[in-house]
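Source: prediction; values computed, not measured.
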Amino acid sequence: MRILFIIFDFISFIAAVFLGSFIRTGQYDYLYAITNLAVLTPSFFLSIFLLWLFSFYEFDFIHKKLFKYQNIILIFILNSFLSAGLIYFTSTLFKTATPKTNLFIILALYFLIVYITRNIFIGIKLKLKKINVVILGKNHTLDTIVEEVSKYSNYNIFLNSEIVDTKITKTILKNFRKISFVVVSSELLFSKKKWQQDFLLKGLAVISEMTFFEDLFCRVPKIAFGDTLWLLKYISVRNTGRSIKRFVDIFFSLLLFPFCFIAGLIIYLAILIFDRQNPIFVQVRVGVNGKIIALYKFRTMIAGTEKSTKFGKVLRRFRLDEIPQILNILMGDTSFVGPRPIWSKEYRYLNKYIHNHKLRNIVRPGITGWAQLNYSAPNFSKFIENPNEQNEANFLRASEKRFAYDLWYIKNQSLSLDLEIFFRTIKRMFISDKKITK
């Protein structure tokens, strides 16, 4: 499916080039269009990468694929700027009258086609075929899957049974062509029963509840927190990976440092002159392996109060208060991407109530991370101010969910995932915290 869409997107790009060239010149010029296609081909491959980052080539779990106009506009903006830097230094080798204008027209047409075709495809797929899921077994993770899956119109619980007997087996085998997934509890999955091989011989996708949960929600189920075998298998860190990531952090920190210094100097002086506050705010947080670190940020709150400064709301809205943390990255305290470092008091508190919570610090914390993109973090300060039983339950529930996202990141960490998180963070800068999933 992905290959077919890439081929279709390439045809759409060619069509956009020819149509854009005609709009630009007002006449059909085959040679002019071909020249533009040669110049702008790198932009197509860049668009493929960006569309992949924003899940425009993922169709397995349709409910997560938000093919919204905001996403395509953001991809258009990113592609336009990145393509400009990639293409224009070689533009003198090609005879194009105004390549900048051509680029914007062609990309606008191309991404309009992408947006329309994706939504048409999803609409047709949802009408023609539902994703039928069979649930076998009984535990909290499966209950969560049933509860969440029932919210999406394209999913259907075809069968839900706590046991697997002869009648259930015959029903599944009889309707195997209609079934997309057979989700089985770990307890049943590892039982020595014939029905497992019968399902596999029919070509049924038989997966554990933990695997399905992670694929569906991009976080780990709560049961994984205390599963020693799961933790030993997946939550490990290879020294090679850590060294490469550290090298990447240093390289990009040095690359961005001049820009951060100039922007930071302007913000520093603005806070000093207009807010009359100490511009730099130091927070004590917990870093890798439980090490205490000093996190540098621009001040956004009036000292000793919960009120924002004149520039505080703007700085926090666009994450500009994080700029001084480039120093934390260079010092090795943090990374660009990783679990968000939390206060030492909050860290000690959560270690008492959440199984293996310390494992979130097996990697360096980051300025941005998977949990920050997917879930609004609980406010420890507000809980401490009013520590009643209800607030404690809500805080722990939210902290467990954040921990579930952090563990998923640690399990799946890679340079490609870090890059995806980085680009999605750019998108996140333009989204209010209130709109992040609770």
**Student:** Would you compute the distance between atom NZ of Lys297 and atom CG of Asn328 and round it to the nearest 0.5 angstrom?
**Tutor:**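 That separation rounds to 11.0 Å.
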
**Student:** Find out whether Tyr409 and Pro339 are in side-chain contact, i.e. whether some heavy atom of one side chain is under 4.5 Å from a heavy atom of the other.
**Tutor:**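 Result yes, sub-4.5 Å side-chain heavy-atom pair found.
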
**Student:** Check whether any side-chain heavy atom of Ile293 lies under 4.5 Å from a side-chain heavy atom of Thr334, and answer yes or no.
**Tutor:**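 Heavy-atom side-chain distance check passes, below 4.5 Å.
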
**Student:** Short question: side chain of Asn412, backbone of Trp408 - any donor-acceptor pair under 3.5 Å?
**Tutor:**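 Yes, Asn412 side chain to Trp408 backbone: donor-acceptor pair under 3.5 Å.
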
**Student:** Can you tell me how far apart CZ (Phe76) and CG (Leu78) are? Round to the nearest 0.5 Å.
**Tutor:**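 The distance works out to 11.0 Å.
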
**Student:** Check for a donor-acceptor pair, side chain of Lys245 on one end and backbone N or O of Val337 on the other, with a separation under 3.5 Å.
**Tutor:**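 Yes, because the side chain of Lys245 sits within donor-acceptor range (under 3.5 Å) of the backbone of Val337.
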
**Student:** Under 3.5 Å, is there a donor-acceptor pair between the side chain of Asn132 and the main chain of Phe181?
**Tutor:**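 Such a contact is absent between Asn132 side chain and Phe181 backbone.
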
**Student:** The test is side-chain hydrogen bond (donor to acceptor under 3.5 Å, both in side chains); show your working for Ser186 and Glu209 and say whether it passes.
**Tutor:** CA-CA 7 Å; Ser186 298; Glu209 82 278 32; 3.1 Å; yes

**Student:** So do the side chains of Thr117 and Phe8 get within less than 4.5 Å of each other, counting heavy atoms only?
**Tutor:**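 Side chain of Thr117 against side chain of Phe8, heavy atoms only: contact under 4.5 Å found.
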
**Student:** Measure the CG-CD distance between Leu407 and Glu400 for me, rounded to the nearest 0.5 Å.
**Tutor:**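 If we round to the nearest 0.5 Å, Leu407:CG and Glu400:CD are 11.5 Å apart.
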
**Student:** Is Thr211 reaching over with its side chain to a backbone N or O of Ile207, donor-acceptor style, under 3.5 angstrom?
**Tutor:**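 Side chain of Thr211 to backbone of Ile207: no pair is present.
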
**Student:** Can you tell me how far the NZ atom of Lys313 sits from the NZ atom of Lys307, to the nearest 0.5 Å?
**Tutor:**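 Interatomic distance, Lys313 NZ to Lys307 NZ, rounded to 0.5 Å: 11.5 Å.
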
**Student:** Any salt bridge linking Glu346 with Arg402? Criterion: basic side-chain nitrogen under 4.0 Å from a carboxylate oxygen.
**Tutor:**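 Arg402 and Glu346: salt-bridged.
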
**Student:** Is it the case that the ring center of Phe281 lies less than 6.0 angstrom away from the ring center of Tyr296?
**Tutor:**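 No, the ring centres sit 6.0 Å or more apart.
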
**Student:** Under 4.0 Å between a side-chain nitrogen and a carboxylate oxygen: does that hold for Arg219 and Glu214?
**Tutor:**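 Glu214 and Arg219: not salt-bridged.
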
**Student:** Please report the interatomic distance CZ(Arg424) to CD(Glu420), rounded to the nearest 0.5 Å.
**Tutor:**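 CD of Glu420 is found 4.0 Å from CZ of Arg424.
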
**Student:** Thinking salt bridges, do Asp227 and Lys222 make one under a 4.0 Å N-O criterion?
**Tutor:**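 No, no charged N to carboxylate O under 4.0 Å.
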
**Student:** If only atom types and distance count, is the side chain of Asn79 paired as donor or acceptor with the main-chain N or O of Ile75 below 3.5 Å?
**Tutor:**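 Absent.
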
**Student:** Would you check if the distance from the ring center of Tyr349 to the ring center of Tyr353 is below 6.0 Å?
**Tutor:**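 Judged by ring-centre distance (under 6.0 Å), Tyr349 and Tyr353 do meet the cut-off.
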
**Student:** Between Ile273 and Tyr268, is any pair of side-chain heavy atoms under 4.5 Å apart?
**Tutor:**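 Not touching, per the 4.5 Å side-chain cut-off.
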
**Student:** Among Phe13, Phe104, Tyr115, exactly one meets ring-ring contact (aromatic ring centres under 6.0 Å, His included) together with Tyr110. Which residue is that?
**Tutor:**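 Result for ring-ring contact (aromatic ring centres under 6.0 Å, His included) with Tyr110: Phe13.
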
**Student:** Report the C-alpha distance between Arg285 and Asp333 in whole Å, list the side-chain angles of each, state the deciding distance to 0.1 Å, and finish with yes or no for salt bridge (Lys or Arg N to Asp or Glu O under 4.0 Å).
**Tutor:** CA-CA 10 Å; Arg285 300 291 180 102; Asp333 293 333; over 6 Å; no

**Student:** Please round to the nearest 0.5 Å and tell me the distance separating atom CD1 of Ile244 and atom OG of Ser414.
**Tutor:**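 Ile244 atom CD1 to Ser414 atom OG measures 11.0 Å (nearest 0.5 Å).
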
**Student:** Would you say that Val146 contacts Asn160 through its side chain, given a criterion of any heavy-atom pair below 4.5 Å between the two side chains?
**Tutor:**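 In short, these two side chains touch, coming nearer than 4.5 Å.
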
**Student:** Could you tell me if the side chain of Phe56 sits less than 4.5 Å from the side chain of Val114, heavy atoms only?
**Tutor:**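 Val114 vs Phe56: side chains touch.
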
**Student:** Hey, are the side chains of Leu142 and Phe213 touching, using non-hydrogen atoms and a 4.5 Å cut-off?
**Tutor:**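 Counting from C-beta outward, Leu142 and Phe213 never come under 4.5 Å.
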
**Student:** Mind checking side-chain contact (heavy atoms from CB on, under 4.5 Å) for Leu315 and listing every partner two or more places apart, or none if nothing turns up?
**Tutor:**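 Result, side-chain contact (heavy atoms from CB on, under 4.5 Å) vs Leu315: Ile267, Ile271, Phe298, Thr300, Phe311, Leu320, Asp321.
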
**Student:** Has the side chain of Asn289 got a donor or acceptor atom that lies under 3.5 Å from a matching backbone atom of Lys291?
**Tutor:**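 Absent.
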
**Student:** Let's go through Asn394 and Gln390 carefully: what are the C-alpha distance in whole Å and the side-chain angles of both, what is the deciding distance for side-chain hydrogen bond (donor to acceptor under 3.5 Å, both in side chains) to 0.1 Å, and is it a yes or a no?
**Tutor:** CA-CA 6 Å; Asn394 292 336; Gln390 183 62 43; 3.2 Å; yes

**Student:** Should the ring pair Phe336 and Phe422 be called parallel, tilted or perpendicular, given that the plane angle runs from 0 to 90° and is split at 30 and 60?
**Tutor:**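 Phe336 vs Phe422 ring planes: perpendicular.
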
**Student:** Going through the checks in order, is the ring pair (Phe, Tyr, Trp, His ring centres under 6.0 Å) test met by Trp343 and Tyr347?
**Tutor:** CA-CA 6 Å; Trp343 296 343; Tyr347 176 73; over 10 Å; no

**Student:** Classify the angle between the aromatic ring planes of Phe395 and Phe380 as parallel (below 30°), tilted (30 to 60°) or perpendicular (above 60°).
**Tutor:**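 Aromatic pair Phe395/Phe380 classed tilted.
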
**Student:** Hey, is the main chain of Leu359 close enough, under 3.5 Å, to the side chain of Asn356 for a donor-acceptor pair?
**Tutor:**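 No; judged by distance alone, with no hydrogens or angles, the pair does not exist.
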
**Student:** Output yes when a side-chain donor or acceptor of Arg364 lies under 3.5 Å from a complementary backbone atom of Ser335, and no otherwise.
**Tutor:**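 No: the side chain of Arg364 does not pair with the backbone of Ser335.
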
**Student:** Donor-acceptor pair, Gln196 side chain versus Leu189 backbone, under 3.5 Å?
**Tutor:**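 It does hold such a pair.
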
**Student:** Would you call Val133 and Tyr155 a side-chain contact if the rule is heavy atoms closer than 4.5 Å?
**Tutor:**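 Val133 reaches Tyr155 side chain to side chain.
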
**Student:** How about Glu148: does its CD atom have over 12 heavy atoms from other parts shown lying under 6.0 Å from it?
**Tutor:**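 Check passes, neighbour count above 12.
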
**Student:** Do side-chain atoms of Ser47 reach the backbone of Phe44 as a donor and acceptor pair under 3.5 angstrom?
**Tutor:**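 Such a contact is found between Ser47 side chain and Phe44 backbone.
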
